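Here is the structure we will look at.
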Amino acid sequence: MKQYLILLFSLITLPAFADVPRVSAQQFVDLQQGESTYPGYRRAHAKGMCISGEFVSNGNLSRYSTASVFKSSKTPFIGRLSIAGNNPYAPDLKAPVRSLALSFATSQTKQWRVAMNTPPVMAVANPHDFYQQIVAIKKGPEAIGAFFEAHPESADFLQWKANYQPSSSFALETYHSINAFYLVDEQNQRQAVRWEVKPHASTSSLKNSFTGDNALFNEFKQQLSDGPVMFDWVFTLATEQDDEHNPAKRWPQTREKMIAGQIKITQWQAQQGGRCDGINYDPLVLPQGIEATKDPILRARSAAYAESYRRRAVEVLAGDVEEGRDE
Amino acid sequence: MNKKITRFSASMRILHWAMAALIISLLSAGMTMVKSLEVWQLELLTLHKAAGLLVAVLVVVRLVNRWCATVPALPDSLPRWQKTMALGSHYALYSLMILMPLTGFLMQYYGARPIAVFSWFTLPSALYPDIELYALYRQLHGFIGYTLAVLILVHVLAALQHHFIRKDGVLKSML
């Protein structure tokens with residue numbers, strides 16, 4: 001009940017704390033889709049493909065969370081690999097951000113959607129600053145330089161960016177939860193965590209010989225034809241010194257890490273007509289045993305994803321979908 | 001037996017006003033939360049779904065109650081066409097009160113998003129989304145919501161007209 005009183009209170013007081021122009025979900029998605037829209041496609045991370053496989057849990061996290069995914073068992077998933085941007089035909093090797101999304105449909109009352117990106121943190125800590133960041137990116141290098149200067153909280157992100165080189169394969173990237181979540185155990189104890197999905201493959205053993213606009217996707221399909229692609233799912237446990245509500249701040253490397261199991265990707269499908277296409281990978285779709293923190297970016301993702309999903313769903317219903325170009 | 005009733009029964013009045021408060025809150029919450037990127041959006045959404053389910057239950061109780069009750073007749077002074085309009089708008093209000101939670105549930109169902117009512121229980125959803133049915137019920141939910149808001153406004157204006165202009169006992173029969 002307390003949280004709902006807080007809600008009422010914040011509804012009344014929030015405008016008083018507004019120091020940046022506040023944007024709506026509609027404005028956000030308008031900005032993401034830009035001038036050219038691609039009917040039926042996601043407004044952000046439009047280019048992607050469906051994947052499926054299973055999460056093989058070792059049971060290590062079951063003492064922190066009652067979610068059935070963490071029991072010592074295998075849970076199938078429908079996932080999606082994608083790149084940042086609104087263009088479903090964009091040259092994929094050039095994309096600065098790659099994503100991995102997973103959907104666990106354990107039962108009719110238990111759904112878990114996970115949407116991860118290559119950066120471990122956000123540059124800013126709330127959706128309104130994030131909006132201004134995207135505006136600056138669209139304006140060009142000078143504007144984004146000025147934006148980062150005006151936002152010292154972007155230090156951790158910039159440090160990561162300086163040391164990050166986009167790889168030549170989806171199988172070589174590490175995908176991060178970015179936002180923190182709570183694992184909730186049987187006694188209702190909450191443990192704040194972030195997670196990363198780390199590749200088994202290494203740069204020395206993997207070379208991408210594909211070229212062209214679909215090199216990343218084609219290389220991954222090639223790998224799957226040779227066998228499963230494996231990742232470790234690693235959780236980082238926050239301590240009391242860490243602020244789980246701030247997505248721009250990295251937690252120290254010394255924090256305890258636990259491997260929850262392996263993510264085994266076995267198959268792919270084209271996204272149009274594929275099983276992942278109808279899924280809104282909203283990270284606030286959580287099963288019992290996992291809860292959302294009050295991270296403002298995490299909370300904003302739900303309404304923005306819903307707006308993007310609604311727009312493309314209506315286009316699909318109207319039959320107004322551009323057929324995929326042949327690859 | 002022929003004694004004229006001038007007031008709705010207590011149960012009908014309580015249901016009417018309780019649901020009025022609930023539905024107006026639900027409409028304003030709905031119109032806010034689809035736009036909001038604020039931290040409290042999740043709590044508002046959770047409340048909206050739970051309160052929507054409550055309305056679904058209450059509307060059934062209310063219809064049964066209405067079916068069994070004798071209600072005050074509209075004043076004889078009212079022209080026939082206005083009586084028809086009043087009756088029609090009441091049927092419309094009842095229909096939309098049923099359709100709102102129904103389409104709300106169905107859009108969540110086909111979006112494959114189980115509705116958790118606090119930590120109490122969870123309403124099931126489809127295992128995998130059906131994006132076209134989601135779109136259909138999502139659009140209907142929004143459209144019916146705005147229609148309901150307009151109807152409520154007309155309903156309120158009509159009640160005020162009865163009270164202040166016609167000065168008949170129509171509003172008082174619900175107080």
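Nothing here was measured: the structure is a model prediction, and the numbers come from that model. Each chain gets a letter, A, B and so on, in the order the sequences are listed, and its residues count up from 1.
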Contacting moiety of [X], where chain B heavy atoms sit under 4.5 Å:
X	answer
A/R113	side chain
A/P296	both
A/S107	backbone
A/A292	side chain

Subject >> Gap between atom CE of B/M107 and atom CZ of A/R310 - 0.5 Å precision >> reply: 8.0 Å
With distance as the sole test, does [X] use its side chain to make a donor-acceptor pair with the main-chain N or O of [Y] at under 3.5 Å?
X	Y	result
A/Q26	B/V34	yes
A/Q111	B/L127	yes
A/Q108	B/S125	yes

**OP:** Using non-hydrogen atoms and a 4.5 Å limit, figure out which bit of B/Y109 sits close to chain A: side chain, backbone, both or neither.
**Re:** side chain
**OP:** Using non-hydrogen atoms and a 4.5 Å limit, figure out which bit of B/M33 sits close to chain A: side chain, backbone, both or neither.
**Re:** backbone
Original post:
Do the side chains of B/I131 and A/Y309 get nearer than 4.5 Å, heavy atoms only?
Top reply: yes
**OP:** Applying side-chain contact (heavy atoms from CB on, under 4.5 Å), run through A/E307 and B/K35 and close with a yes or a no.
**Re:** CA-CA 8 Å; A/E307 177 62 19; B/K35 295 195 185 86; over 6 Å; no
Original post:
Which residues in residues 278-287 of chain A have a heavy atom less than 4.5 Å from any heavy atom of chain B?
Top reply: A/G278, A/I279, A/N280, A/D282, A/L284, A/V285
How about [atom1] on [X], more than 12 heavy atoms from neighbouring residues, nucleotides or ligands closer than 6.0 Å, or not?
X	atom1	result
A/Q288	CD	no
B/Y94	OH	yes
B/M85	CE	no
B/K83	NZ	yes
B/Y91	OH	no
A/K110	NZ	no
A/K138	NZ	yes

Original post:
Which heavy-atom pair separates B/V39 from A/R299 by the least distance, and what is that distance?
Top reply: O-NH1, 2.8 Å
Original post:
Taking all non-hydrogen atoms of both residues, which atom of B/Q41 and which atom of A/S302 are closest, and how far apart?
Top reply: OE1-CB, 4.4 Å
Subject >> Residue, of B/A135, B/A116, B/S36, B/G142, that accumulates the most heavy atom pairs under 4.5 Å with chain A >> reply: B/A135
Original post:
Who are the ring pair (Phe, Tyr, Trp, His ring centres under 6.0 Å) partners of A/W112, not counting sequence neighbours?
Top reply: A/F70, A/F104, A/W195, A/W233
**OP:** Would you sort out whether B/L37 and A/Y131 count as a side-chain contact (heavy atoms from CB on, under 4.5 Å), showing the intermediate values?
**Re:** CA-CA 11 Å; B/L37 294 178; A/Y131 181 92; over 6 Å; no
Subject >> For chain B, the option from A/T106, A/I297, A/V316, A/D277 that forms the most heavy-atom pairs under 4.5 Å >> reply: A/V316
